[in-house]
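The structure appears right after this line, and notes come after that.
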There are 2 protein chains.
Amino acid sequence: MKVDPFKMRKETSGEEISCATMLKALADETRLAVVRQLLTNPQHVGELQVALEIEQSLLSHHLKLLRDAGIVESERDGKSVLYRLASSVELRRRGDIIDLGCCQLSFPSGK
Amino acid sequence: MKVDPFKMRKETSGEEISCATMLKALADETRLAVVRQLLTNPQHVGELQVALEIEQSLLSHHLKLLRDAGIVESERDGKSVLYRLASSVELRRRGDIIDLGCCQLSFPSGK
DNA sequence: AATTCATATCAATATCCATTCATGAAAGTG
DNA sequence: CACTTTCATGAATGGATATTGATATGAATT
């Protein structure tokens, strides 16, 4: 699985993202579940789909929303696409706590 | 301004509030502004209205949402109603950082 | 280049949420 | 009590967001 940084899609470049926007992106059970998954390790869309048990199309929409909010990044990996926490988020991460700049989120279990 | 704790409205009692629910409550510029105001000190609805410059009715709706999410509490104070951060939130507070249990929010300025 | 696999996007619908307006309720005032 | 002040609530609206099914794209495989 080779990674070409120039192929990394970062929807963050340029636009300013408000705290409310990021919170809106996270304020959804499905998207929180995605972030919880990616907190463990980067995963392909297919893996996320199996874990979350939702329609492929729906997952894709949620992933785009998370990308646009600058919370996750994606990268093509052969036929698949690999998703991970955005580097800016990953950089400030401390264990199960992710730092969005405006706020930190911890993930006790499933609440 | 006397405070009778037994008259304190806590919409939190009983119901479980998920992280997504609390984040949804905060994922709005208006409601973030309310929380920022209450971070300074408890305030009456009228004061909040002046600060936020929005319709009384609209503010009331947002306040109810924040109450239901267990983020703020209200208490009648004569003709007015005084709002403050929920005690559970206030207890865990550290400066400009509020702790919702599932997550902490800091408020740099206006982002 | 045709086919298959994995994902994204489009179009349509359904559901939710913010806002406004009109009204109601609680407390103080004359 | 009638009236005012202060806030809450309900219904109605439009706009945003979620969900689905169908189709498009891009990469690998044959």
Side-chain angles (χ1 to χ4, degrees), chain A residues 1-4 6-11 18 20-34 37-38 42-69 71-84, chain B residues 1-4 6-11 18 20-34 37-38 42-69 71-84:
Chain A
M1 178 217 301
K2 51 194 155 48
V3 174
D4 179 353
F6 295 107
K7 284 190 177 168
M8 183 82 75
R9 268 189 300 182
K10 297 188 188 185
E11 319 278 335
S18 76
T21 299
M22 295 221 277
L23 290 179
K24 228 169 274 180
L26 285 175
D28 177 278
E29 301 292 358
T30 301
R31 293 191 292 268
L32 275 181
V34 168
Q37 286 288 321
L38 298 183
Q43 289 178 44
H44 297 117
V45 175
E47 301 177 88
L48 291 171
Q49 194 184 342
V50 169
L52 304 193
E53 297 181 301
I54 61 176
E55 271 205 20
Q56 178 269 319
S57 163
L58 178 56
L59 176 55
S60 191
H61 280 300
H62 284 301
L63 287 172
K64 171 165 175 49
L65 210 152
L66 286 170
R67 262 188 285 130
D68 290 348
I71 294 171
V72 306
E73 288 168 2
S74 64
E75 148 206 347
R76 187 164 269 281
D77 176 29
K79 277 192 290 192
S80 308
V81 175
L82 185 66
Y83 276 81
R84 67 180 79 237
Chain B
M1 178 215 306
K2 51 194 154 48
V3 173
D4 180 351
F6 295 106
K7 284 190 177 169
M8 185 80 78
R9 268 189 299 182
K10 298 188 187 182
E11 318 277 336
S18 75
T21 299
M22 296 221 277
L23 290 179
K24 231 169 270 179
L26 286 175
D28 178 277
E29 302 291 359
T30 300
R31 294 192 292 268
L32 274 182
V34 169
Q37 286 289 321
L38 298 183
Q43 288 178 45
H44 297 119
V45 175
E47 302 176 87
L48 290 172
Q49 194 185 343
V50 169
L52 304 193
E53 296 180 301
I54 60 175
E55 270 205 18
Q56 177 270 318
S57 163
L58 178 55
L59 176 55
S60 191
H61 281 299
H62 282 301
L63 286 172
K64 170 163 176 49
L65 210 153
L66 285 171
R67 264 189 284 128
D68 290 347
I71 294 171
V72 306
E73 288 169 1
S74 65
E75 149 206 349
R76 186 163 272 283
D77 177 28
K79 274 192 291 192
S80 309
V81 174
L82 185 64
Y83 276 81
R84 69 179 76 238

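Convention: sequence-line order gives letters A, B, ...; per-chain numbering from 1.
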**Q.** dA8(D) phosphate, OP1 or OP2, under 4.0 Å from R76(B) side-chain N/O
**A.** no

(Q) Quick one, I71(A) and L38(A) - any side-chain contact, counting heavy atoms below 4.5 Å? (A) no

Q) How long is the line joining CG of L59(A) and C1' of dA6(C), in whole Å? A) 12 Å

Q: Mind checking L65(A) for me? I need base, sugar-phosphate or nothing, with any heavy atom below 4.0 Å counting as a touch.
A: sugar-phosphate

Q: For the side chain of S80(B), starting at C-beta, report the closest nucleotide among dT9(D), dT6(D), dT7(C).
A: dT6(D)

Q. Of the candidate nucleotides dA18(C), dT9(D), dT19(D), which contains the atom at the shortest distance from the side chain of R31(B)?
A. dA18(C)

Q: Mind calculating the distance between CD (E55(A)) and P (dA6(C)) to the nearest angstrom?
A: 17 Å

(Q) Here's a test for you: under side chain to side chain donor-acceptor pair (under 3.5 Å), which of H44(B), R67(B), E73(B) qualifies with Y83(B)? (A) R67(B)

Q.
Between the opening five pairs and the closing five pairs of the helix from dA1(C)-dT30(D) to dG30(C)-dC1(D), how far apart are the helix axes, to 10°?
A. 10°

Q: Could you tell me the separation between the CG atom of D28(A) and the P atom of dT19(D), rounded to a whole number of Å?
A: 7 Å

Q: Kindly say whether G78(B) contributes a backbone atom to a donor-acceptor pair with the side chain of R76(B) at under 3.5 angstrom?
A: yes

Q.
Run L48(A) and L63(A) through side-chain contact (heavy atoms from CB on, under 4.5 Å) and show every step you take.
A. CA-CA 10 Å; L48(A) 291 171; L63(A) 287 172; 4.1 Å; yes

Q: Could you go through the side-chain contact (heavy atoms from CB on, under 4.5 Å) check for L32(A) and L23(B) one step at a time?
A: CA-CA 10 Å; L32(A) 275 181; L23(B) 290 179; 4.3 Å; yes

Q) Less than 4.5 Å apart, any side-chain heavy atom of T21(B) and any of D68(B)? A) no

Q. What's the CZ-P distance between R67(B) and dC7(D), to the nearest Å?
A. 12 Å

(Q) Rounded to whole Å, how long is the line connecting atom NE2 of H62(A) with atom P of dT9(C)? (A) 15 Å

Q.
Please compare T30(A) and S60(B) by the position of their nearest nucleotide in DNA chain D and report the one closer to 5'.
A. S60(B)

Q. dC7(D) C1' sits how many Å from E75(B) CD, rounded?
A. 15 Å

Q: Among dA8(D), dC17(C), dT17(D), find the nucleotide with the atom closest to the side chain of K24(B).
A: dC17(C)

Shorter than 3.5 Å, N or O on both sides, protein versus nucleotides 10-14 of chain C: list them out with atom names.
from, atom 1, to, atom 2, distance (Å)
dC10(C), N4, H61(A), NE2, 2.9

Q. Checking Q43(A) side chain against Q37(A) main chain: does a donor-acceptor pair fall under 3.5 Å?
A. yes

Q. Are D28(A) and L65(A) side-chain neighbours, meaning at least one heavy-atom pair lies under 4.5 Å?
A. no

Q.
When you measure from the side-chain N and O atoms of Y83(B) to the phosphate of dT6(D), is any distance below 4.0 Å, counting only OP1 and OP2?
A. no

(Q) Measure NZ/K79(A) against P/dT29(D) and give the value in whole Å, please. (A) 6 Å

Q: Please name the pair of heavy atoms, one in A27(B) and one in K24(A), separated by the smallest distance, quoted to 0.1 Å.
A: O-CE, 3.0 Å

Q: Could you tell me whether the side chain of L26(B) reaches within less than 4.5 Å of the side chain of M22(B), counting heavy atoms only?
A: no

Q: Quickly work out the Q56(A) CD to dT19(D) P distance and round it to whole Å.
A: 15 Å

